[in-house]
2 protein chains.
Amino acid sequence: MSSYPDPTSSAAAGSVLAPDPFQQAAGEAGSPALCAAVRDRLREGGLRWTPQRRALIEVLAETDGHVTTAELVERCRERDPATIPSTVYRTLDMLEDLGVVRHCHRPDGREEYHVLPEHEHGHLYCRACGGCWELERDESDRIVGMLERGQGFAVDLSHVTIVGRCRACRETG
Amino acid sequence: MSSYPDPTSSAAAGSVLAPDPFQQAAGEAGSPALCAAVRDRLREGGLRWTPQRRALIEVLAETDGHVTTAELVERCRERDPATIPSTVYRTLDMLEDLGVVRHCHRPDGREEYHVLPEHEHGHLYCRACGGCWELERDESDRIVGMLERGQGFAVDLSHVTIVGRCRACRETG
DNA sequence: TGCGTTATTGCAACTCATTGCAGATAGGCG
DNA sequence: CGCCTATCTGCAATGAGTTGCAATAACGCA
């Protein structure tokens with residue numbers, strides 16, 4: 001959570017949003033501000049603010065980068081051992097609908113989440129060593145542009161993981 | 001199973017193989033030839049030829065394109081109601097090690113399989129309508145080439161699914 | 001403060017996929 | 001044909017993630 005890209009890059013394709021108060025809160029002041037921002041947003045939408053949701057949001061606020069659902073459940077359990085996994089899953093879904101987090105899939109199919117705003121990026125994943133890298137910005141721009149122009153297809157980069165073998169693994173055979 | 005690309009495109013990256021007898025069998029004559037070819041290959045490797053494996057291979061031989069694991073289990077059960085899912089999964093893994101099938105992941109993380117040889121291709125998947133298309137050959141060539149040149153990364157196209165929104169869904173909002 | 005409404009949670013069941021272990025069996029050899 | 005070896009299967013358990021339903025609780029209003 002170290003950089004704040006153009007907010008449109010975190011928004012649904014085709015939609016241009018003004019900077020969002022709770023996304024700024026996520027970036028600026030960590031857990032208390034994020035909690036307050038999310039709580040307000042929930043109430044605007046007629047949704048509830050619960051202790052379970054607070055706990056998860058606090059965990060997310062102190063999380064950098066990608067995190068597995070198992071890790072999130074475990075960290076919520078540290079705060080409240082009565083945490084139920086299905087509640088965590090549901091809350092994550094809700095937070096994603098709200099635009100607070102975003103999920104993506106590892107190459108083995110498993111889910112991971114990260115907190116927005118984060119500039120949308122794709123990944124390279126090496127099947128030999130398990131290493132994972134961000135796509136370079138110019139590479140992803142080219143892919144996005146090519147598919148936009150060619151097929152009118154709007155790429156969702158957060159779900160792009162290009163799988164193969166990295167240079168080092170290719171050299172060691 | 002209508003075209004027979006350069007066999008190297010079905011092989012492990014970095015390895016160049018002569019055309020493989022059982023891959024030709026898969027393409028030429030359907031179930032009996034594929035069964036025989038796989039059986040021979042198994043025996044060469046000290047592995048066993050079992051009724052469960054035969055049933056799965058027969059199902060695969062009559063399958064065109066991608067198929068979910070649930071579908072494969074169901075189809076094996078039609079042949080033998082005593083089919084056990086874990087055996088199907090294990091057999092699919094083994095067949096993939098042998099180069100007979102290949103798996104990939106749907107955008108929701110679930111697995112699908114298809115029978116080789118099939119020219120390796122990536123996919124476009126629209127999250128709005130669920131439509132799925134093959135990447136155009138020139139598009140995938142460009143992606144592959146760009147990452148090869150830029151980071152020395154060898155792309156495994158069968159695991160590339162680019163997620164986003166298709167032209168039609170973008171136009172309908 | 002109490003009540004009513006309804007969103008949310010806990011629980012249990014489910015699907016998908018993996019894995020350990022003991023019994024079954026494929027298949028080579030004498 | 002019988003024996004032996006070791007691969008393979010069936011079974012049960014597990015983890016990841018989803019979902020229906022009844023009970024709980026958030027929260028607005030009087």
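What you are looking at is a predicted structure, and each value in this text was computed from that prediction instead of being measured. We name chains A, B, ... by the order of the sequence lines, and we start the count at 1 in each one.
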Nucleotide of D:dT18, D:dC8, D:dC11 approaching B:Ser86 most closely (side-chain heavy atoms)
D:dC11
Cluster check B:Met146, A:Ile162: I/L/V/M/F/W/Y, side chain < 4.5 angstrom:
yes
Check: A:Gln52 side chain, A:Thr87 main-chain N or O, donor-acceptor pair, under 3.5 Å:
no
Can you measure B:Glu74 atom CD to C:dT15 atom C1' for me and round it to whole angstrom units?
14 Å
Taking the side chain of B:Thr91 as its heavy atoms from C-beta onward, which of D:dT9, D:dA26, C:dT25 lies nearest to it?
D:dT9
What is the separation between atom CG on B:Asp93 and atom C1' on C:dC16, rounded to the nearest whole Å?
13 Å
Donor-acceptor pair present, B:Thr87 side chain and D:dC8 base, under 3.5 Å:
no
Grab the CD1-C1' distance between A:Ile84 and C:dT9 for me, whole Å please.
8 Å
To the nearest angstrom, the CZ-P distance between A:Arg110 and C:dC16 comes to 15 Å
Whole-Å distance separating the CZ atom of A:Arg43 from the P atom of C:dT8
12 Å
State which of D:dC8, C:dT18, C:dT5 makes the closest approach to the side chain of B:Leu47.
D:dC8
Side-chain N,O (A:Tyr89) to OP1/OP2 (D:dT18) below 4.0 Å:
no
Polar side-chain atom of A:Arg170 near backbone of B:Gly152 as donor-acceptor pair, under 3.5 Å:
yes
Atom CE of B:Met94 to atom C1' of D:dT9: distance rounded to whole Å?
13 Å
Comparing B:Trp49 and B:Ala70 on DNA chain C - which has the more 5′ nearest nucleotide:
B:Ala70
Nearest listed nucleotide, side chain of A:Gln52, among C:dT18, D:dA16, C:dT9:
C:dT9
Would you mind reading off the distance between B:Arg53 atom CZ and C:dG27 atom P, rounded to a whole angstrom?
9 Å
Have a look at A:Arg48 and say if it touches a base, only the backbone sugar-phosphate, or nothing, with a 4.0 Å heavy-atom cut-off.
base
Result for 5'-nearest mapping on DNA chain D, choosing between B:Gly46 and B:Thr83, is B:Gly46
Once you measure the plane-to-plane angle for B:His114 and B:His66, does it fall in the parallel (<30°), tilted (30-60°) or perpendicular (>60°) bin?
parallel
Indicate yes or no for a side-chain donor-acceptor contact from B:Glu139 to the backbone of B:Glu136 under 3.5 Å, with no hydrogens or angles considered.
yes
Specify the separation, in whole Å, of atom CZ of A:Arg90 and atom C1' of D:dT24.
14 Å
